[in-house]
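A, B, ... follow the sequence lines: proteins, then strands. Residue 1 opens every chain.
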2 protein chains.
Amino acid sequence: MPKKKTYHHGDLKNALIKAGVEILAQDGVSGMSLRKVAMKAGVSHSAPYSHFADKQALIAAISTEGFRQLYERMSAVAEEYNSQPSKQLIEAAWAYVQFALDDPDRFKVMFSGILEKEKEYPEFVAESQRNFQLVKSIVELNQAAGILRSGSSDLTALSAWGIIHGFAMLLLEGQIPHAILELKSLRKLVEFQLKQIMLA
Amino acid sequence: MPKKKTYHHGDLKNALIKAGVEILAQDGVSGMSLRKVAMKAGVSHSAPYSHFADKQALIAAISTEGFRQLYERMSAVAEEYNSQPSKQLIEAAWAYVQFALDDPDRFKVMFSGILEKEKEYPEFVAESQRNFQLVKSIVELNQAAGILRSGSSDLTALSAWGIIHGFAMLLLEGQIPHAILELKSLRKLVEFQLKQIMLA
DNA sequence: CTACAATCTTTACACTGTCAAGATTGAGAG
DNA sequence: CTCTCAATCTTGACAGTGTAAAGATTGTAG
(Lines give C-alpha, C1' and ligand atoms only; values in the text may rest on other atoms or scores of the structure.)
Protein backbone atom coordinates (compact mmCIF):
# COMPACT_ATOMS: atom_id res chain seq x y z
CA MET A 1 0.00 0.00 0.00
CA PRO A 2 2.00 2.99 -1.27
CA LYS A 3 1.32 6.31 0.36
CA LYS A 4 -0.39 8.65 -2.02
CA LYS A 5 0.87 12.21 -1.95
CA THR A 6 -2.48 13.91 -2.32
CA TYR A 7 -3.76 17.02 -0.63
CA HIS A 8 -6.18 14.93 1.32
CA HIS A 9 -4.22 12.40 3.29
CA GLY A 10 -6.90 9.76 3.35
CA ASP A 11 -6.35 8.33 6.79
CA LEU A 12 -4.73 11.14 8.69
CA LYS A 13 -6.49 10.45 11.95
CA ASN A 14 -4.92 7.02 12.37
CA ALA A 15 -1.64 8.23 10.91
CA LEU A 16 -1.48 10.87 13.62
CA ILE A 17 -2.16 8.34 16.34
CA LYS A 18 0.55 6.10 14.97
CA ALA A 19 3.02 8.98 14.64
CA GLY A 20 2.18 10.03 18.17
CA VAL A 21 2.92 6.58 19.54
CA GLU A 22 6.27 6.52 17.76
CA ILE A 23 7.34 9.95 18.96
CA LEU A 24 6.21 9.00 22.44
CA ALA A 25 8.47 5.96 22.40
CA GLN A 26 11.36 7.97 20.99
CA ASP A 27 11.23 11.31 22.74
CA GLY A 28 9.15 10.61 25.80
CA VAL A 29 6.09 12.40 27.08
CA SER A 30 7.62 15.86 27.22
CA GLY A 31 9.04 15.47 23.73
CA MET A 32 5.73 14.77 22.08
CA SER A 33 4.42 17.99 20.58
CA LEU A 34 1.48 18.28 18.24
CA ARG A 35 3.68 19.94 15.67
CA LYS A 36 6.22 17.12 15.70
CA VAL A 37 3.44 14.58 15.34
CA ALA A 38 2.01 16.51 12.41
CA MET A 39 5.40 16.75 10.74
CA LYS A 40 6.02 13.05 11.20
CA ALA A 41 2.69 12.37 9.50
CA GLY A 42 3.83 14.62 6.67
CA VAL A 43 1.25 17.27 7.21
CA SER A 44 1.10 20.90 8.27
CA HIS A 45 1.26 21.79 11.93
CA SER A 46 -2.39 22.52 12.37
CA ALA A 47 -3.85 19.80 10.21
CA PRO A 48 -4.50 17.70 13.33
CA TYR A 49 -7.25 20.12 14.30
CA SER A 50 -9.41 18.68 11.55
CA HIS A 51 -9.49 15.40 13.44
CA PHE A 52 -8.84 16.29 17.08
CA ALA A 53 -10.27 19.14 19.07
CA ASP A 54 -6.96 19.71 20.81
CA LYS A 55 -3.81 17.96 22.00
CA GLN A 56 -5.68 16.28 24.82
CA ALA A 57 -8.01 14.65 22.30
CA LEU A 58 -5.06 13.16 20.45
CA ILE A 59 -3.64 11.92 23.74
CA ALA A 60 -7.02 10.41 24.53
CA ALA A 61 -6.99 8.59 21.20
CA ILE A 62 -3.47 7.29 21.82
CA SER A 63 -4.49 6.08 25.26
CA THR A 64 -7.61 4.44 23.92
CA GLU A 65 -5.58 2.62 21.31
CA GLY A 66 -3.20 1.56 24.06
CA PHE A 67 -6.04 0.07 26.07
CA ARG A 68 -7.18 -1.81 23.01
CA GLN A 69 -3.76 -3.40 22.59
CA LEU A 70 -3.49 -4.15 26.29
CA TYR A 71 -6.83 -5.91 26.09
CA GLU A 72 -5.69 -7.92 23.09
CA ARG A 73 -2.59 -9.13 24.89
CA MET A 74 -4.28 -10.02 28.14
CA SER A 75 -7.29 -11.65 26.56
CA ALA A 76 -5.04 -13.76 24.34
CA VAL A 77 -3.21 -15.00 27.42
CA ALA A 78 -6.47 -15.50 29.28
CA GLU A 79 -7.84 -17.65 26.51
CA GLU A 80 -4.65 -19.69 26.26
CA TYR A 81 -4.74 -20.68 29.93
CA ASN A 82 -8.48 -20.83 30.29
CA SER A 83 -8.34 -24.19 32.03
CA GLN A 84 -5.67 -23.28 34.60
CA PRO A 85 -6.99 -20.42 36.72
CA SER A 86 -3.88 -19.61 38.75
CA LYS A 87 -1.63 -19.75 35.70
CA GLN A 88 -4.09 -17.59 33.83
CA LEU A 89 -3.93 -15.02 36.58
CA ILE A 90 -0.17 -14.96 36.72
CA GLU A 91 0.33 -14.90 32.98
CA ALA A 92 -2.17 -12.11 32.52
CA ALA A 93 -0.39 -10.08 35.18
CA TRP A 94 2.91 -10.77 33.49
CA ALA A 95 1.46 -9.60 30.19
CA TYR A 96 0.35 -6.42 31.94
CA VAL A 97 3.82 -5.72 33.29
CA GLN A 98 5.43 -6.54 29.96
CA PHE A 99 3.09 -4.15 28.24
CA ALA A 100 4.20 -1.44 30.63
CA LEU A 101 7.87 -2.21 30.02
CA ASP A 102 7.56 -2.45 26.25
CA ASP A 103 6.43 1.13 25.94
CA PRO A 104 6.80 2.90 29.27
CA ASP A 105 5.86 6.33 28.03
CA ARG A 106 2.64 5.22 26.45
CA PHE A 107 1.82 3.35 29.63
CA LYS A 108 2.47 6.51 31.61
CA VAL A 109 0.24 8.48 29.28
CA MET A 110 -2.52 5.94 29.78
CA PHE A 111 -2.34 5.93 33.56
CA SER A 112 -0.46 8.91 34.88
CA GLY A 113 -2.98 11.63 34.50
CA ILE A 114 -1.42 13.32 31.51
CA LEU A 115 -4.88 12.92 30.10
CA GLU A 116 -6.76 15.27 32.36
CA LYS A 117 -10.48 15.01 31.72
CA GLU A 118 -10.94 11.37 30.80
CA LYS A 119 -14.65 11.46 31.32
CA GLU A 120 -14.99 13.63 28.24
CA TYR A 121 -13.72 10.80 26.06
CA PRO A 122 -16.31 8.02 26.10
CA GLU A 123 -14.26 5.65 23.94
CA PHE A 124 -11.43 5.92 26.42
CA VAL A 125 -13.75 5.16 29.30
CA ALA A 126 -15.33 2.22 27.50
CA GLU A 127 -11.99 0.68 26.58
CA SER A 128 -10.60 1.00 30.08
CA GLN A 129 -13.74 -0.55 31.53
CA ARG A 130 -13.47 -3.42 29.09
CA ASN A 131 -10.05 -4.16 30.51
CA PHE A 132 -11.39 -4.11 34.03
CA GLN A 133 -14.12 -6.54 33.01
CA LEU A 134 -11.46 -8.89 31.71
CA VAL A 135 -9.57 -8.77 34.97
CA LYS A 136 -12.81 -9.36 36.78
CA SER A 137 -13.59 -12.48 34.76
CA ILE A 138 -10.12 -13.86 35.47
CA VAL A 139 -10.58 -13.13 39.15
CA GLU A 140 -13.95 -14.82 39.21
CA LEU A 141 -12.51 -17.95 37.68
CA ASN A 142 -9.87 -17.98 40.40
CA GLN A 143 -12.42 -17.39 43.11
CA ALA A 144 -14.46 -20.32 41.85
CA ALA A 145 -11.34 -22.47 41.98
CA GLY A 146 -10.65 -21.43 45.55
CA ILE A 147 -7.43 -19.69 44.58
CA LEU A 148 -8.61 -16.20 45.44
CA ARG A 149 -10.70 -15.18 48.43
CA SER A 150 -14.41 -15.24 47.70
CA GLY A 151 -16.49 -12.11 48.03
CA SER A 152 -17.21 -9.15 45.76
CA SER A 153 -15.39 -9.90 42.53
CA ASP A 154 -15.30 -6.19 41.81
CA LEU A 155 -13.32 -5.49 44.93
CA THR A 156 -11.08 -8.49 44.51
CA ALA A 157 -10.41 -7.56 40.91
CA LEU A 158 -9.50 -4.14 42.17
CA SER A 159 -7.00 -5.70 44.58
CA ALA A 160 -5.42 -7.80 41.87
CA TRP A 161 -5.25 -4.92 39.44
CA GLY A 162 -3.99 -2.60 42.14
CA ILE A 163 -1.19 -4.82 43.31
CA ILE A 164 0.10 -5.36 39.79
CA HIS A 165 -0.49 -1.81 38.67
CA GLY A 166 1.27 -0.48 41.73
CA PHE A 167 4.17 -2.76 41.06
CA ALA A 168 4.39 -1.69 37.42
CA MET A 169 4.22 1.96 38.38
CA LEU A 170 6.89 1.78 41.03
CA LEU A 171 8.98 -0.22 38.58
CA LEU A 172 8.68 2.36 35.81
CA GLU A 173 9.45 5.21 38.15
CA GLY A 174 12.55 3.50 39.45
CA GLN A 175 11.07 3.48 42.94
CA ILE A 176 11.86 -0.16 43.49
CA PRO A 177 15.16 -0.53 45.34
CA HIS A 178 17.91 -2.06 43.24
CA ALA A 179 18.54 -4.61 45.93
CA ILE A 180 15.14 -6.11 45.27
CA LEU A 181 15.53 -6.15 41.53
CA GLU A 182 18.81 -7.97 41.79
CA LEU A 183 17.30 -10.47 44.14
CA LYS A 184 14.80 -11.99 41.76
CA SER A 185 13.78 -11.80 38.13
CA LEU A 186 10.93 -9.50 37.27
CA ARG A 187 8.82 -12.46 36.38
CA LYS A 188 9.36 -13.99 39.81
CA LEU A 189 8.57 -10.67 41.45
CA VAL A 190 5.24 -10.50 39.68
CA GLU A 191 4.45 -14.00 40.88
CA PHE A 192 5.47 -13.07 44.39
CA GLN A 193 3.17 -10.08 44.33
CA LEU A 194 0.21 -12.16 43.26
CA LYS A 195 0.90 -14.94 45.69
CA GLN A 196 0.39 -12.42 48.45
CA ILE A 197 -3.31 -12.44 47.66
CA MET A 198 -3.57 -16.09 46.62
CA LEU A 199 -4.75 -18.69 49.09
CA ALA A 200 -3.22 -21.96 47.96
CA MET B 1 7.38 38.24 59.93
CA PRO B 2 6.75 40.99 57.36
CA LYS B 3 8.05 40.38 53.87
CA LYS B 4 10.77 42.83 53.03
CA LYS B 5 10.59 44.26 49.53
CA THR B 6 14.29 44.17 48.86
CA TYR B 7 16.11 43.36 45.65
CA HIS B 8 17.41 40.21 47.19
CA HIS B 9 14.47 38.10 48.24
CA GLY B 10 16.19 36.36 51.09
CA ASP B 11 14.63 32.93 50.83
CA LEU B 12 13.54 32.72 47.23
CA LYS B 13 14.35 29.06 46.87
CA ASN B 14 11.80 27.96 49.44
CA ALA B 15 9.36 30.63 48.31
CA LEU B 16 9.46 29.17 44.81
CA ILE B 17 8.82 25.67 46.07
CA LYS B 18 5.88 26.93 48.10
CA ALA B 19 4.48 28.93 45.19
CA GLY B 20 4.91 25.90 42.97
CA VAL B 21 2.91 23.70 45.33
CA GLU B 22 0.13 26.27 45.47
CA ILE B 23 -0.11 26.70 41.71
CA LEU B 24 -0.01 22.94 41.34
CA ALA B 25 -3.01 22.61 43.61
CA GLN B 26 -4.84 25.40 41.84
CA ASP B 27 -4.07 24.96 38.15
CA GLY B 28 -2.92 21.36 37.94
CA VAL B 29 0.22 19.92 36.44
CA SER B 30 -0.21 21.43 33.00
CA GLY B 31 -0.96 24.84 34.48
CA MET B 32 2.24 25.10 36.45
CA SER B 33 4.69 27.16 34.44
CA LEU B 34 7.98 28.48 35.73
CA ARG B 35 6.92 31.99 34.89
CA LYS B 36 3.71 31.74 36.88
CA VAL B 37 5.62 30.35 39.82
CA ALA B 38 8.09 33.21 39.60
CA MET B 39 5.31 35.79 39.40
CA LYS B 40 3.55 34.27 42.39
CA ALA B 41 6.78 34.56 44.35
CA GLY B 42 6.93 38.20 43.30
CA VAL B 43 10.02 37.91 41.23
CA SER B 44 11.03 38.19 37.59
CA HIS B 45 10.47 35.32 35.20
CA SER B 46 14.02 34.10 35.12
CA ALA B 47 14.97 34.62 38.74
CA PRO B 48 14.35 30.91 39.44
CA TYR B 49 17.46 30.10 37.43
CA SER B 50 19.58 31.42 40.24
CA HIS B 51 18.33 28.55 42.41
CA PHE B 52 17.27 25.82 40.02
CA ALA B 53 19.06 24.61 36.93
CA ASP B 54 15.81 24.21 35.07
CA LYS B 55 12.12 23.47 35.52
CA GLN B 56 12.82 19.82 36.23
CA ALA B 57 15.00 20.82 39.15
CA LEU B 58 12.14 22.81 40.67
CA ILE B 59 9.83 19.87 40.15
CA ALA B 60 12.38 17.65 41.85
CA ALA B 61 12.46 20.01 44.82
CA ILE B 62 8.66 20.05 45.04
CA SER B 63 8.57 16.26 44.89
CA THR B 64 11.26 15.96 47.53
CA GLU B 65 9.32 18.27 49.82
CA GLY B 66 6.25 16.16 49.16
CA PHE B 67 8.04 13.02 50.24
CA ARG B 68 9.15 14.76 53.39
CA GLN B 69 5.57 15.60 54.29
CA LEU B 70 4.35 12.14 53.40
CA TYR B 71 6.98 10.72 55.70
CA GLU B 72 5.91 13.04 58.48
CA ARG B 73 2.30 11.96 58.24
CA MET B 74 2.97 8.26 58.02
CA SER B 75 5.60 8.21 60.72
CA ALA B 76 3.31 10.14 63.06
CA VAL B 77 0.62 7.52 62.55
CA ALA B 78 3.14 4.71 62.90
CA GLU B 79 4.31 6.05 66.22
CA GLU B 80 0.78 6.52 67.50
CA TYR B 81 -0.17 2.90 66.91
CA ASN B 82 3.19 1.41 67.64
CA SER B 83 1.71 -1.25 69.89
CA GLN B 84 -1.02 -2.42 67.49
CA PRO B 85 0.65 -3.76 64.35
CA SER B 86 -2.42 -4.34 62.20
CA LYS B 87 -3.94 -0.99 63.11
CA GLN B 88 -0.62 0.66 62.44
CA LEU B 89 -0.55 -0.87 58.99
CA ILE B 90 -4.08 0.16 58.12
CA GLU B 91 -3.77 3.67 59.50
CA ALA B 92 -0.51 4.28 57.69
CA ALA B 93 -2.09 3.11 54.44
CA TRP B 94 -5.04 5.38 55.09
CA ALA B 95 -2.67 8.28 55.68
CA TYR B 96 -1.02 7.48 52.36
CA VAL B 97 -4.33 7.55 50.48
CA GLN B 98 -5.41 10.71 52.25
CA PHE B 99 -2.16 12.37 51.29
CA ALA B 100 -2.87 11.48 47.68
CA LEU B 101 -6.39 12.86 47.88
CA ASP B 102 -5.43 16.05 49.70
CA ASP B 103 -3.24 17.22 46.86
CA PRO B 104 -3.72 14.95 43.86
CA ASP B 105 -1.57 16.95 41.49
CA ARG B 106 1.41 17.00 43.78
CA PHE B 107 1.00 13.30 44.32
CA LYS B 108 0.96 12.81 40.56
CA VAL B 109 4.07 14.88 40.18
CA MET B 110 5.80 12.76 42.80
CA PHE B 111 4.88 9.44 41.24
CA SER B 112 3.75 9.85 37.67
CA GLY B 113 7.00 10.36 35.90
CA ILE B 114 6.63 14.06 35.29
CA LEU B 115 10.02 14.18 36.93
CA GLU B 116 12.04 12.41 34.27
CA LYS B 117 15.56 11.75 35.49
CA GLU B 118 15.07 11.21 39.18
CA LYS B 119 18.48 9.67 39.63
CA GLU B 120 20.03 13.06 39.03
CA TYR B 121 18.43 14.41 42.20
CA PRO B 122 20.00 12.64 45.18
CA GLU B 123 17.81 14.36 47.76
CA PHE B 124 14.75 13.10 45.96
CA VAL B 125 16.11 9.56 45.90
CA ALA B 126 17.07 9.70 49.57
CA GLU B 127 13.70 10.98 50.67
CA SER B 128 11.78 8.39 48.68
CA GLN B 129 13.95 5.63 50.10
CA ARG B 130 13.34 6.91 53.59
CA ASN B 131 9.64 6.42 53.00
CA PHE B 132 10.20 2.89 51.80
CA GLN B 133 12.22 2.15 54.91
CA LEU B 134 9.31 3.31 57.02
CA VAL B 135 6.91 1.01 55.19
CA LYS B 136 9.40 -1.79 55.64
CA SER B 137 9.59 -1.27 59.37
CA ILE B 138 5.81 -1.34 59.65
CA VAL B 139 5.71 -4.50 57.59
CA GLU B 140 8.33 -6.15 59.74
CA LEU B 141 6.34 -5.42 62.87
CA ASN B 142 3.33 -7.07 61.27
CA GLN B 143 5.35 -10.03 60.14
CA ALA B 144 6.61 -10.54 63.65
CA ALA B 145 3.04 -10.41 64.90
CA GLY B 146 1.99 -13.05 62.38
CA ILE B 147 -0.29 -10.63 60.58
CA LEU B 148 1.67 -10.57 57.35
CA ARG B 149 3.35 -13.51 55.64
CA SER B 150 6.93 -13.99 56.73
CA GLY B 151 9.75 -13.84 54.22
CA SER B 152 11.76 -11.03 52.67
CA SER B 153 10.49 -7.85 54.28
CA ASP B 154 11.66 -5.92 51.26
CA LEU B 155 9.40 -7.88 48.97
CA THR B 156 6.49 -7.86 51.36
CA ALA B 157 6.88 -4.12 51.87
CA LEU B 158 6.78 -3.81 48.11
CA SER B 159 3.51 -5.73 48.05
CA ALA B 160 1.94 -3.56 50.70
CA TRP B 161 3.14 -0.37 49.08
CA GLY B 162 2.11 -1.62 45.66
CA ILE B 163 -1.40 -2.56 46.61
CA ILE B 164 -2.05 0.78 48.27
CA HIS B 165 -0.21 2.80 45.67
CA GLY B 166 -2.06 1.04 42.88
CA PHE B 167 -5.31 1.74 44.63
CA ALA B 168 -4.47 5.41 45.10
CA MET B 169 -3.42 5.76 41.49
CA LEU B 170 -6.51 4.13 40.05
CA LEU B 171 -8.54 6.26 42.41
CA LEU B 172 -6.95 9.52 41.29
CA GLU B 173 -7.29 8.61 37.63
CA GLY B 174 -10.93 7.80 38.02
CA GLN B 175 -10.26 4.24 36.91
CA ILE B 176 -12.20 2.78 39.78
CA PRO B 177 -15.75 1.98 38.70
CA HIS B 178 -18.34 4.15 40.37
CA ALA B 179 -20.26 1.08 41.41
CA ILE B 180 -17.39 0.14 43.69
CA LEU B 181 -17.01 3.58 45.17
CA GLU B 182 -20.67 3.72 46.03
CA LEU B 183 -20.50 0.31 47.60
CA LYS B 184 -18.14 1.19 50.42
CA SER B 185 -16.41 4.16 51.95
CA LEU B 186 -12.90 4.85 50.81
CA ARG B 187 -11.66 4.01 54.25
CA LYS B 188 -13.30 0.60 54.10
CA LEU B 189 -11.88 0.03 50.64
CA VAL B 190 -8.37 0.65 51.87
CA GLU B 191 -8.92 -1.84 54.66
CA PHE B 192 -10.31 -4.34 52.21
CA GLN B 193 -7.25 -3.96 50.01
CA LEU B 194 -4.89 -4.60 52.89
CA LYS B 195 -6.86 -7.51 54.26
CA GLN B 196 -6.18 -9.26 50.98
CA ILE B 197 -2.58 -9.68 52.05
CA MET B 198 -3.21 -10.07 55.77
CA LEU B 199 -3.38 -13.50 57.33
CA ALA B 200 -5.56 -13.19 60.41
C1' DC C 1 -20.88 19.05 -14.06
C1' DT C 2 -21.40 21.70 -10.03
C1' DA C 3 -21.71 23.02 -5.47
C1' DC C 4 -20.68 21.89 -0.99
C1' DA C 5 -18.48 20.08 2.97
C1' DA C 6 -14.49 17.95 4.57
C1' DT C 7 -9.78 18.37 4.72
C1' DC C 8 -5.45 20.63 4.70
C1' DT C 9 -2.33 25.07 4.60
C1' DT C 10 -1.03 29.63 5.89
C1' DT C 11 -0.67 33.12 8.98
C1' DA C 12 -0.83 34.96 13.41
C1' DC C 13 -0.73 35.31 18.52
C1' DA C 14 0.08 34.55 23.30
C1' DC C 15 2.69 31.75 26.18
C1' DT C 16 6.50 28.65 27.41
C1' DG C 17 11.50 27.29 28.92
C1' DT C 18 15.94 28.95 28.58
C1' DC C 19 19.97 31.82 27.85
C1' DA C 20 23.05 35.97 27.90
C1' DA C 21 24.02 40.42 29.48
C1' DG C 22 23.51 43.75 32.73
C1' DA C 23 21.80 45.83 37.32
C1' DT C 24 21.64 45.53 42.37
C1' DT C 25 23.15 44.38 46.75
C1' DG C 26 24.83 41.96 51.01
C1' DA C 27 28.99 40.47 53.27
C1' DG C 28 33.75 39.88 54.06
C1' DA C 29 38.73 41.88 53.44
C1' DG C 30 41.52 45.63 54.23
C1' DC D 1 34.15 52.37 57.48
C1' DT D 2 34.99 51.56 52.63
C1' DC D 3 35.94 48.67 48.68
C1' DT D 4 35.22 44.72 46.14
C1' DC D 5 33.25 40.72 44.54
C1' DA D 6 30.21 37.01 44.15
C1' DA D 7 25.53 35.95 44.68
C1' DT D 8 21.21 37.32 43.35
C1' DC D 9 17.76 39.39 40.56
C1' DT D 10 16.09 41.94 36.07
C1' DT D 11 15.80 42.79 31.24
C1' DG D 12 15.64 41.41 26.71
C1' DA D 13 15.78 38.00 23.35
C1' DC D 14 14.95 33.49 20.98
C1' DA D 15 13.04 29.19 19.35
C1' DG D 16 9.32 26.16 20.20
C1' DT D 17 4.57 25.38 21.83
C1' DG D 18 -0.82 25.03 21.43
C1' DT D 19 -4.46 26.99 19.14
C1' DA D 20 -7.60 30.06 16.53
C1' DA D 21 -8.99 32.30 12.00
C1' DA D 22 -9.02 32.59 7.23
C1' DG D 23 -8.15 30.76 2.95
C1' DA D 24 -6.84 26.91 -0.46
C1' DT D 25 -7.74 22.27 -2.23
C1' DT D 26 -10.39 18.37 -3.42
C1' DG D 27 -13.39 14.23 -3.04
C1' DT D 28 -18.18 13.42 -3.56
C1' DA D 29 -23.32 13.87 -3.49
C1' DG D 30 -26.90 15.73 -6.21
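The distance from atom OH of A:Y49 to atom P of D:dA22 is 17 Å, rounded to the nearest whole Å. For B:M39 and D:dC9, the CE to P distance is 17 Å, given to the nearest whole Å. Distance, A:D54 CG to D:dT19 P: 5 Å, rounded to whole Å. A straight line from CZ of A:R35 to C1' of D:dT19 spans 9 Å, rounded to a whole angstrom. B:D11 places its CG atom 15 Å from the C1' atom of D:dA7, with the value rounded to the nearest Å. Regarding B:N14, its CG atom lies at a distance of 13 Å from the P atom of D:dT8, rounded to whole Å. The distance from atom CZ of B:F52 to atom P of D:dT8 is 12 Å, rounded to the nearest whole Å. Remark: C1' of C:dT25 and CG of B:L12 are 15 Å apart, rounded to the nearest angstrom.
For the residue pair A:E65 / A:Q69, a side-chain donor-acceptor distance below 3.5 Å is found, with atom types taken as modelled. A side-chain N or O of A:S30 and one of B:E116 form a donor-acceptor pair less than 3.5 Å apart.
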Acceptor/donor pairs from residues 188-200 of chain B side chains to any protein atom, 3.5 angstrom cut, sequence neighbours excluded:
unit_1	atom_1	unit_2	atom_2	d
B:E191	OE2	B:R187	NE	3.3
B:Q193	OE1	A:S159	OG	2.8

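Taking the side chain as every heavy atom from C-beta outward, B:F52 and B:K13 approach each other to under 4.5 Å. Side-chain contact between A:F167 and B:H165: absent, with no pair of heavy atoms (C-beta onward) separated by less than 4.5 Å. For the pair A:K136/A:D154, a side-chain contact is recorded, criterion being any heavy-atom separation below 4.5 Å from C-beta on.
Across all strands shown, B:S33 has heavy atoms under 4.0 Å from sugar-phosphate atoms exclusively, and none from any base.
In the helix from C:dC1-D:dG30 to C:dG30-D:dC1, the end axes, each obtained as the rotation axis mapping the C1' atoms of four pairs onto the next four within a five-pair block, lie 0° apart to the nearest 10 degrees.
Residue B:H51 places at least one side-chain N or O under 4.0 Å from the OP1 or OP2 atom of D:dC9. For C:dT7, neither phosphate oxygen OP1 nor OP2 lies less than 4.0 angstrom from any side-chain nitrogen or oxygen of A:S50.
Checking side-chain atoms of A:N142 against main-chain N and O of A:I138 turns up a donor-acceptor pair under 3.5 Å.
Here the nucleotide nearest the side chain of B:V43, chosen from C:dG17, C:dC19, D:dT10, is D:dT10. Side-chain proximity of A:S46 to C:dT10, C:dT18, C:dC8: nearest is C:dT10. Of all nucleotides listed (D:dT11, C:dG17, D:dT19), D:dT11 comes nearest to the side chain of B:H45.
Between A:L34 and B:P48, the residue whose closest nucleotide on DNA chain D is further toward the 5' end is B:P48.
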